[in-house]
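The analysis underlying the following values was restricted to heavy atoms, covering all of them including side chains, and did not include hydrogens, waters or symmetry mates. Not measured: the values here are computed from a predicted model.
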Amino acid sequence: MKELNYAKVGARIRQARKEKGWSRDVLAKKSGISLYYIGHIERGTRRMSMDTFVNLCRALETNADVLLWGNIQKKLTEEQKIQRQMEQADDESYSMYMQMIRSVADIMINQS
C-alpha cells in the first residue's frame, strides 16, 4: 500500500487552488476551513480529517485521487490482475497459468 505524503497532498491542493486563480482566503471561505489551517494543509505541516479533505475536494471541484496521489487511480479488473501476475511470472509459472486457462476453457466448451 502506498504511504500518504501530506506535503505532496498539500502541494497538490495549493496547485489546484492556484489553477482556479484563488487566494487561500477564497478557498477558506468556499470550503469552510480557516485560512490559518489551509496554510498548514498546503505546507503539509498538519494532517486533516476526512471531513476537511472532502470539503476541499468539493470546493476545488477536484477528484480525491488527484489530490491524494497526483492522478486518478484505476482499479484493476480481475483479468488485469491475472495478466499482471502472468507477465511477472517465470517461464515455468507462465506455462502453468496457460495450462490452467486451457483446461478451464476446454471444460467450459464441453459443457455447452
## Note on the structure
Between L27 and E42, the two heavy atoms sitting closest are CD2-OE2, 4.2 Å
### Minimum-distance pair of heavy atoms, taken over all atoms of S31 and I38
OG-CD1, 3.9 Å
### Query
OG/S93 to CD/Q85 distance, rounded to the nearest 0.5 angstrom?
10.5 Å
### Task
State, yes or no, whether a side-chain contact exists between W22 and L60 at a heavy-atom distance under 4.5 Å.
yes
### R43 (side chain) donor-acceptor with G39 (main chain) under 3.5 angstrom
yes
### Message
Any carboxylate oxygen within less than 4.0 angstrom of a Lys/Arg side-chain nitrogen, looking at K29 and D25?
### Response
yes
#### Entry: salt bridge (charged side-chain N to carboxylate O under 4.0 Å, His left out) contacts touching residues 86-97 (sequence neighbours left out)
none
#### Entry: Flag, side chain of R46 to backbone of H40, donor-acceptor distance under 3.5 Å
no
### Query
Taking ILVMFWY side chains as joined if any heavy atoms are under 4.5 angstrom apart, and letting links pass through other members, which residues group with M100?
I82, M86, Y94, Y97, M98, I101
### Task
Check the pair E19 / Q15 against side chain to side chain donor-acceptor pair (under 3.5 Å), numbers first and verdict last.
CA-CA 6 Å; E19 285 173 4; Q15 179 183 355; 3.1 Å; yes
### Steps toward side-chain contact (heavy atoms from CB on, under 4.5 Å) verdict (L4, Y6)
CA-CA 6 Å; L4 192 58; Y6 289 92; 3.8 Å; yes
### Query
What are the two closest heavy atoms between N63 and D65, and how far apart are they?
OD1-N, 2.7 Å
### Task
Could you tell me which non-hydrogen atom of A64 sits nearest to which non-hydrogen atom of F53, and how far apart they are?
CB-CE2, 3.6 Å
### Task
Quick one: closest heavy-atom pair of K20 and A59, and the distance?
CE-O, 4.4 Å
### Task
Check whether any side-chain heavy atom of L56 lies under 4.5 Å from a side-chain heavy atom of M48, and answer yes or no.
yes
### Interatomic distance, L67 atom CG to I41 atom CD1 [nearest 0.5 angstrom]
11.0 Å
### Side-chain heavy-atom pair K8, W69 within 4.5 angstrom cut-off
no
